[in-house]
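Notes follow the structure.
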Amino acid sequence: MQKSRHHRIEQKFIEDRSHIDHLLKHGWTSLDIADQMTHHFLELLRESILQQHPEWNEDQIIREMRKRTLNQKKLSRSRNI
């Protein structure tokens with residue numbers, strides 16, 4: 001089981017790296033790619049919160065997004081990532 005998980009992670013890394021190389025060859029800058037990744041991350045986070053709490057207004061969603069992002073940042077620091 002561990003081997004297949006490792007294999008999937010490795011394959012995903014290879015695919016992502018290949019896609020980034022493709023974008024760079026077609027004129028994208030590292031900043032453009034990072035901006036697009038951040039945009040997608042925030043959209044997915046917003047959709048996830050909205051699915052869990054459909055009754056929330058935009059202000060509540062934004063506060064929850066900030067809270068989750070800061071919590072993830074704390075976790076990353078504690079793991080030295």
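Just so it is clear, the model here is predicted, and its values are computed rather than measured.
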Could you verify whether a donor N or O on one side chain and an acceptor N or O on the other, from H19 and E15, lie under 3.5 Å apart? no
Yes or no on salt bridge (charged side-chain N to carboxylate O under 4.0 Å, His left out) for E64 and K67, after CA distance, side-chain angles and deciding distance? CA-CA 5 Å; E64 182 67 16; K67 183 177 112 184; 3.5 Å; yes
Is E58 salt-bridged to R63, cutoff N-O under 4.0 Å? no
Show me the donor-acceptor pairs within less than 3.5 Å that the side chains of residues 25-35 make with the rest of the protein, sequence neighbours left out.
residue : atom : partner : partner atom : Å
H26     : ND1  : H22     : O            : 2.8
T29     : OG1  : L31     : N            : 3.4
T29     : OG1  : D32     : N            : 3.1
T29     : OG1  : D32     : OD2          : 3.1
D32     : OD2  : T29     : N            : 3.1

Under a 4.5 Å cut-off applied to non-hydrogen side-chain atoms, are T69 and K73 in contact? no
Can you give the donor-acceptor pairs under 3.5 Å from side chains of residues 47-56 to other protein atoms, not counting sequence neighbours?
residue : atom : partner : partner atom : Å
Q52     : OE1  : R68     : NH2          : 2.6

Determine, using the 4.5 Å side-chain heavy-atom cutoff (strictly less than), whether F41 and I61 are members of one ILVMFWY cluster. yes
One should read off an interatomic distance between D21 CG and D16 CG, to the nearest 0.5 angstrom, of 11.0 Å
In short, M65 meets L42 closest at the heavy-atom pair CE-O, 3.6 Å
Working to the nearest 0.5 angstrom, can you tell me the gap between L44 CG and H39 NE2? 9.5 Å
Between the side chain of Q60 and the main-chain N/O of N57, is any donor-acceptor distance below 3.5 Å? yes
